[in-house]
Amino acid sequence: MPPRSEPPGRSTPRSPAPAASPTGERTPPQTWVEDDRPQTVALGLAAAGAIALTAGAIVRVSPDAGPGFAAWPWLAVLALAPVVAAVVAAGKRPALAGGIVLGLAALAPGRLVLDLQFAVNGPLAVRPELYLADRFVGGSAVGAGFWLLIAGHLLTAAAGVAAWRAGRTGEEPERRRWRLLVPLLAVAASVGLLTMPVFSTNGFLLARASFEGPWPALGGYLLLAAALPLAAALALAAPAERTARGTLVGLAAGAFSVALPPVLAGLYRTDLEVTWGPALVLLAAAVIAALAFTRLSEQPANDEADLKIPGLFWWRLVTGLLGLTTAVAALIGSFAPQVAVTALNPGATAPVSAAAESPARWFLLVAAIVLVVAALGVLVPKTAPGARPLLGLLWAGIVLAGTAVLNTALTATQAGNLGGFGGFGGTAAPAFTYDLGAGAAWTFAALVLAALTALAAAGAGVVEREDAGNAAEPDKNVLTPVVAGAVLAVAGFGLPVFTVPGYVAPGLWSDFDTPSWGLLTAAVAVVGAAALALRSRPKPAAALLAGAAVLTGLHAAELPLVGGTLGGASPATGFWLTLAAAVALLIAAGLAAAGGRRGA
């Protein structure tokens with residue numbers, strides 16, 4: 001008789017079935033159990049990268065300058081400790097080990113670009129743990145330490161690729177706790193990375209924020225700032241909880257490696273001081289690492305409705321309070337002096353123009369008042385459903401006006417400290433120093449708080465959407481005015497709204513400057529709101545479109561608020577395009593609201 005064929009579900013000896021538990025259920029295979037080679041490759045590459053980074057901290061990165069203090073023991077611990085933890089965990093918890101490698105690798109590209117500053121122009125690098133000149137250095141020469149650092153970052157990135165390939169599964173991700181809090185903390189850490197690493201009184205170390213520095217430092221910090229929240233969100237979407245835990249731990253370790261050295265430099269050296277940015281990064285990273293050791297998988301609740309109402313209440317409360325705090329910081333920033341002038345010579349009198357009042361201060365004031373109205377609406381239960389989408393757009397008005405105000409402060413301090421200005425001409429001793437004043441600090445704080453407000457508003461929107469379910473279908477009748485408003489808004493934000501003789505307004509297509517980041521943020525916010533409105537229920541869609549209309553109208557208001565202070569301002573093409581965009585978005589909001597009333 002011919003041999004019987006095996007049933008479809010029975011495994012053959014060449015493909016053994018997973019071991020069964022005492023209850024008869026099959027135990028899911030552990031990550032990397034089927035093939036140990038990816039595990040070995042990933043951990044080997046990570047270990048080699050950590051050793052290279054440690055050697056790069058010991059060997060000089062440049063023959064022209066050495067470290068400002070004995071930082072190599074700290075740098076060695078920061079490089080080796082997470083990899084040692086991954087190797088120890090690989091025996092019993094391979095998914096945890098792979099997650100740690102993934103978290104470290106997520107920040108490796110940004111750290112690599114940041115270290116390229118040593119090769120491009122070492123004297124401009126704000127890295128006292130590796131490079132602090134004690135004399136004037138005209139060029140930029142690199143040593144063996146630089147190449148070891150580059151090799152370490154490349155090996156770490158390669159280890160992350162191997163770990164990702166080893167940990168791929170076909171499983172669906174579980175619903176995670178902290179899926180909104182952890183990315184919010186990562187954004188806070190990203191903001192800290194973009195600030196001034198240390199405050200320096202050393203004449204050979206010109207400390208500055210990332211946006212004021214050269215392109216390698218700016219590119220590196222921007223990559224790090226983008227990678228932190230993105231990797232945190234992806235970590236919480238990992239199928240295995242141990243992978244999610246390890247990734248968060250690796251991210252926290254990588255953030256510590258970037259933020260701890262400048263803090264140590266400020267503590268070790270008398271000519272350097274600790275700033276709040278790295279301290280914020282350390283605090284946020286520590287909280288993320290602590291949350292990684294809590295239970296991440298959400299347990300289903302018996303009565304989900306009882307959980308949604310208080311959750312929505314707290315999200316709206318946090319969003320409204322953040323909006324009010326942002327508006328208060330913007331109000332102070334609009335009135336406080338943007339430039340601080342210090343007289344170096346006895347009897348010197350500061351020039352009247354030293355205050356450098358920004359022509360955009362009234363613009364920031366109006367943006368703050370509009371934000372206060374929306375924030376108060378979010379705190380009132382009856383108006384919260386409509387005010388929350390408004391607040392989700394109007395935070396961008398603070399960025400739009402705040403970057404314009406900061407541009408005045410940055411320009412005034414840079415010009416004031418140049419030779420030939422304010423007593424710096426020729427061989428005469430300098431009479432004044434020009435630094436960013438309290439107004440600039442409060443304005444920058446308003447920008448940071450605006451980003452946090454945006455995240456909180458987005459989180460509240462997610463909870464609102466889950467609470468409402470699919471109660472109504474989106475209104476498709478608003479497609480034409482929504483698309484028209486979005487296109488006109490992008491064109492309006494890209495062009496000046498007024499012209500003044502002798503004044504060149506920053507834009508998106510040309511003359512890109514600090515205010516251009518505000519224009520870009522507002523344009524992206526309007527386009528995002530338009531796209532989301534087409535997928536939302538009528539009432540939320542109407543609120544989103546109304547917020548987009550107010551934001552574009554705020555940009556058009558620059559003509560009287562900013563141009564009026566300059567004198568002789570006349571409307572430009574951007575003004576009419578922005579005004580047309582606001583009208584189109586208002587029409588779309590009206591149509592969406594009317595559709596909601598018909599469906600009710």
Side-chain angles (χ1 to χ4, degrees), residues 18 28-57 75-113 115 147-171 173-174 176 182 186 223-224 227-228 230-258 285 288-289 292-293 296:
Q30 288 284 337
T31 309
W32 288 335
V33 165
E34 296 181 358
D35 188 358
D36 288 338
R37 286 175 296 177
Q39 176 190 19
T40 304
V41 171
L43 292 177
L45 289 172
I51 293 173
L53 292 175
T54 302
L75 298 178
V77 171
L78 292 172
L80 294 173
V83 177
V84 170
V87 172
V88 172
K92 296 182 179 180
R93 297 178 177 85
L96 179 65
I100 294 175
V101 175
L102 286 173
L104 292 173
L107 302 184
R111 297 182 64 185
L112 186 147
V113 176
D115 285 345
W147 299 110
L148 287 169
L149 292 177
I150 298 300
H153 297 317
L154 291 174
L155 288 169
T156 304
V161 174
W164 174 76
R165 294 184 62 184
R168 285 182 299 175
T169 63
E171 301 175 9
E174 298 180 1
R176 305 287 185 202
V182 169
L223 283 176
L224 290 170
L228 270 172
L230 179 61
L234 292 177
L236 294 176
E241 177 164 345
R242 286 178 178 172
T243 302
R245 291 175 185 267
T247 306
L248 294 181
V249 171
L251 275 177
F256 261 77
S257 298
V258 177
I288 291 175
F293 291 97
L296 297 182

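All heavy atoms count here, side chains included; hydrogens, waters and symmetry mates do not. Nothing fancy with the numbering, it's 1 onward along the sequence.
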J.: Does any non-hydrogen side-chain atom of Leu45 lie less than 4.5 Å from one of Thr156?
T.: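 No - every pair of side-chain heavy atoms lies 4.5 Å or more apart.
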J.: What's the shortest heavy-atom distance between Val41 and Ala162, and which atoms?
T.: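 Scanning both residues completely, I find the closest heavy atoms to be CG1-CB, 4.0 Å.
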J.: Supply the atom-to-atom distance Leu102 CG to Leu248 CG, rounded to the nearest 0.5 angstrom.
T.: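 One finds 11.0 Å between CG of Leu102 and CG of Leu248.
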J.: Does a side-chain heavy-atom distance below 4.5 Å link Ile288 with Leu251?
T.: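 Not touching, per the 4.5 Å side-chain cut-off.
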J.: Does the side chain of Leu224 reach to within under 4.5 Å of the side chain of Val113, using non-hydrogen atoms?
T.: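 No; the side chains remain at least 4.5 Å from each other.
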J.: Considering all heavy atoms of both residues, which atom of Ala292 and which atom of Val249 are nearest to each other, and what is their separation?
T.: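 Scanning both residues completely, I find the closest heavy atoms to be CB-CG2, 3.8 Å.
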J.: When rounded to the nearest 0.5 angstrom, what is the spacing between CZ in Arg242 and CD1 in Ile100?
T.: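 Output value for this atom pair is 12.0 Å.
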J.: What's the spacing between Trp164 CH2 and Thr243 OG1 if we round to 0.5 Å?
T.: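 Answer rounded to 0.5 Å: 13.5 Å.
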J.: Side chains of Leu53 and Leu75, heavy atoms from C-beta outward: is any pair under 4.5 Å?
T.: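 No. Closest side-chain heavy atoms not under 4.5 Å.
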J.: Which heavy atom of Leu43 sits nearest to which heavy atom of Ala86, and what is that distance?
T.: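 Shortest heavy-atom contact: CD2-CB, 4.0 Å.
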J.: In the structure I gave you, are the side-chain heavy atoms of Arg111 and Leu223 within less than 4.5 Å of one another anywhere?
T.: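 Heavy-atom side-chain distance check fails, nothing below 4.5 Å.
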J.: When rounded to the nearest 0.5 angstrom, what is the spacing between CG in Leu236 and CD in Glu241?
T.: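 Those atoms lie 10.0 Å apart.
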J.: Kindly give the heavy-atom pair with the smallest separation between Ala105 and Ala157, and that separation in Å.
T.: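 It is CB-CA, 4.2 Å.
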J.: Enter the distance from Asp115:CG to Leu148:CG here, rounded to the nearest 0.5 Å.
T.: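 Result: 11.5 Å between the selected atoms.
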J.: Determine the minimum heavy-atom distance between Ala42 and Ala163, stating which atoms define it.
T.: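 Closest heavy-atom pair between Ala42 and Ala163: CB-N, 3.7 Å.
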J.: When you look at Val83 and Leu104, which way does the side-chain contact (heavy atoms from CB on, under 4.5 Å) test go after all the steps?
T.: CA-CA 9 Å; Val83 177; Leu104 292 173; 4.1 Å; yes
J.: Can you give me the closest heavy-atom contact between Ala231 and Ala106, atom names plus distance?
T.: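 That would be CB-CB, 3.8 Å.
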